[in-house]
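Here's the structure, in structure tokens; my notes come after.
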Amino acid sequence: MIEWTLDANSVPDWLRPPVIGHSQAGYRADLPKVATIELDRDDRRALRPRLLRLTPGGVFAPVAAGSTREWGNYLRSRYVRFDFSTVKTPGTYAIDYGTTRSAPFPIGADALTGLWHLINDVYLPIAMDHVAVNEAYRVWHGDPHRDDARQAPVNHEHIDLYRQGPTTDTRFKPGEHIPGLAVGGWLDAGDFDIRTQTQYQVVRQLVDAVETFGIDRDTVAVDWATRRVEMHVPDGVPDILQQIRHGSLQLPAQYDAVGHAIHGIVEPDVGQYTHLGDAATKTDGLIYDPTLKPYQRAYDARGGRSGTPDDRWAFTSKASALDYGSAAALAATYRVWKARDPAFAKRCLDRAQQVWADEHRHAPDLFSHGNTTGGPLDAEEFTAAVELLVATGETRYGERVEALAPAMLRRFDATATTMVKALRHMPDGYRRQVETAARDWAARAKVIEAANPFGVPITAGGWAGSGAVLNFGLTADALRRAFPTVVDTAPVLRALDFLHGHHPASDRSFVSGVGAMSKEVAYGSNRADFSFIPGGVVPGVLLLKPDYPENRDDWPFFWGENEYVVPEGAMYISLASAAARL
């Protein structure tokens, strides 16, 4: 038994210093510019924020601009809004509030240009599994997990929301090596698992970025034959296409290995799960051979073998939701690769159509656990139908889209971007339904705008809400492009500003390396160094009950606030591109 004795101390008349929430990345001259000052609720000083511009002499001078209004109380703080949208002169600016000064930020025509480059150039390559990643004289990680993967034991609930059901649903026995899985995929986050939902979500998001914004940046060389990646070395292939291919290599490998999508591949024990540093040092890279003694190694015609059971486990209970999600991603991959590598693209489409046909020959497999077995079954099927419809134009997929549309309209916040993607392939009645839902969404967005000083959804779960904000902004952009008289550009900009520092608790950008002050202590693969990976997006502000918003900059191991995850990086590429295009 442990007893704690706490001594409380208070400082008379103490006030928490003001926080000037603003976009660390800056503002485009022709778009809205709003900062929000967060104050101690007892701070009743009658101060006014000032906008300052950096002069040629190197000093900040006040600019006569901006309007101030009291917003009111939110959570435990008082907020003041400062609108300086009238300022259009390019330059470097800062904001003063009393003795508090913000970091400098730009105003200019190109302030929102290229914000996503660090994710493309640095973060996504470092997240690639099953390849060595090199940056000039720095090795980010060697070629990890050459020994993937062993069949997980049955009736086993594992770490990180993985569970194996009463059967393997494969031809492999528990503990047996499953060949063919040591290819492609991204490490899920700061830890080292390959989560299938992450793979197909990121593939679809990157395909959407290609198709919507025409992204073709080339700064990374990928060689799958030698399993090597060189950062900052162009190779003639757009990086985003290479990332799409890398994710899509893991998905069909699962079908070749066991006949269906799997939950993922994850460490066999907590010791490996908490591994810090190079992923290639987490296992010995040699396939486990139970006939050998621990740490004994043998090399023969089959290759290297090891008596050390450090190989990751594959969780394989069949879930139709994962099959539909994988089919959707492979159909999307086909569209962006068919002109560059028709054979690879055709293999992806053939597999997607085969999965679709197989799933419609039997009752769905409903195994479900945590967040590793797919989303709602009807939503995953709808997504597959849409991606296959866009890829092929075949009527059978359109009919399924129409049949599932009523259910998707009932949770439009989560399905809007996918529903919009099908518009040009569907009849007028479908478009009218989506437009009605878009009008309802726009009304809800107005309610959200008034609910807090930042005008975006701020979630209250155990994982902070950058993902919800990204989805809010991307939904707004998709609906704006489809129905420009119904949804305007404001939610897109509010979402991006939130990620860049216009949020509660701090003014730090939640995208490492983007903005004058960004997350420099985060939960990535280098978290033990109290460092960061450029381009990583963290979950952000976590609301501690009842009313305390938190994002700690001194302790990277708060994963709910500071852990990079690949899907949010992919979403940021699209959101930043959308804002730059406005």
Side-chain angles (χ1 to χ4, degrees), residues 126-133 139-164 168 172 174-199 227 250 253-254 257 262-290 292-297 304-317 369-372 522-529 531 533 556-560 562-566:
I126 292 170
M128 295 169 75
D129 198 359
H130 297 124
V131 290
V133 179
V139 176
W140 276 96
H141 61 74
D143 180 0
H145 306 122
R146 295 296 296 264
D147 42 12
D148 279 336
R150 297 172 67 201
Q151 173 67 59
V154 297
N155 292 316
H156 174 73
E157 185 162 343
H158 201 52
I159 54 177
D160 210 15
L161 299 175
Y162 286 91
R163 182 166 73 89
Q164 184 68 38
T168 66
F172 299 97
E176 187 177 354
H177 175 69
I178 302 176
L181 291 176
V183 59
W186 299 281
L187 302 168
D188 179 47
D191 38 34
F192 299 99
D193 59 311
I194 287 188
R195 175 177 174 267
T196 295
Q197 277 185 259
T198 294
Q199 313 308 306
R227 300 169 70 104
Q250 170 62 204
Q254 297 177 7
I262 65 176
H263 313 176
I265 310 171
V266 66
E267 296 77 15
D269 55 59
V270 174
Q272 281 197 25
Y273 182 75
T274 55
H275 174 82
L276 299 172
D278 189 337
T281 64
K282 190 166 63 65
T283 73
D284 59 17
L286 302 175
I287 294 171
Y288 173 62
D289 184 342
L292 300 175
K293 297 178 181 179
Y295 305 108
Q296 182 182 1
R297 298 183 178 190
R305 302 275 164 165
S306 167
T308 305
D310 58 1
D311 313 23
R312 291 190 299 186
W313 287 354
F315 285 77
T316 58
S317 295
H369 182 72
N371 64 0
T372 59
Y523 189 101
S525 58
N526 56 347
R527 55 194 176 277
D529 303 328
S531 186
I533 298 174
F557 297 93
F558 288 135
W559 49 263
N562 289 328
E563 182 176 9
Y564 301 133
V565 287
V566 185

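Computed from a predicted structure; not experimentally measured. Sequential numbering from 1 along the given sequence is applied to the chain's residues.
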ask   = So, do His275 and Thr281 sit near enough that their side-chain heavy atoms are less than 4.5 Å apart?
value = yes

Q.
Can a donor-acceptor pair be found, under 3.5 Å and without considering hydrogens, that links the side chain of Gln272 to the backbone of Thr283?
A. no

Look at the side chain of Asp143 and the backbone N and O of Arg227, then say whether any donor-acceptor pair between them is shorter than 3.5 Å. no

Would you be so kind as to tabulate the donor-acceptor pairs closer than 3.5 Å made by side chains of residues 182-193, with sequence neighbours excluded?
from, atom 1, to, atom 2, distance (Å)
Trp186, NE1, Gln243, OE1, 2.7
Asp188, OD1, Thr198, OG1, 2.7
Asp191, OD2, Tyr273, OH, 3.2
Asp193, OD2, Tyr162, OH, 2.8

CD of Glu176 to OH of Tyr288, rounded to nearest 0.5 Å, is 12.5 Å

With side chains defined as the heavy atoms from C-beta onward, is the minimum distance between Asp129 and Pro144 less than 4.5 Å? yes

Fill in: Heavy-atom side-chain contact between Tyr523 and Phe558 under 4.5 Å
no

Handout entry: Pairwise side-chain contact, Gln164 with His158, heavy-atom cut-off 4.5 Å (strictly under)
Key = no

Q) Short question: side chain of Asp147, backbone of Asp310 - any donor-acceptor pair under 3.5 Å? A) no

Exercise for review: For Arg195 and Asn371, indicate whether the former's side chain and the latter's backbone hold a donor-acceptor pair under 3.5 Å.
Suggested key: yes

Is a donor on one side and an acceptor on the other found under 3.5 Å between the side chain of Gln250 and the backbone of Leu181? yes

(message) Using a 3.5 Å distance criterion without hydrogens, assess whether the side chain of Arg150 forms a donor-acceptor pair with backbone atoms of Gly175.
(response) yes

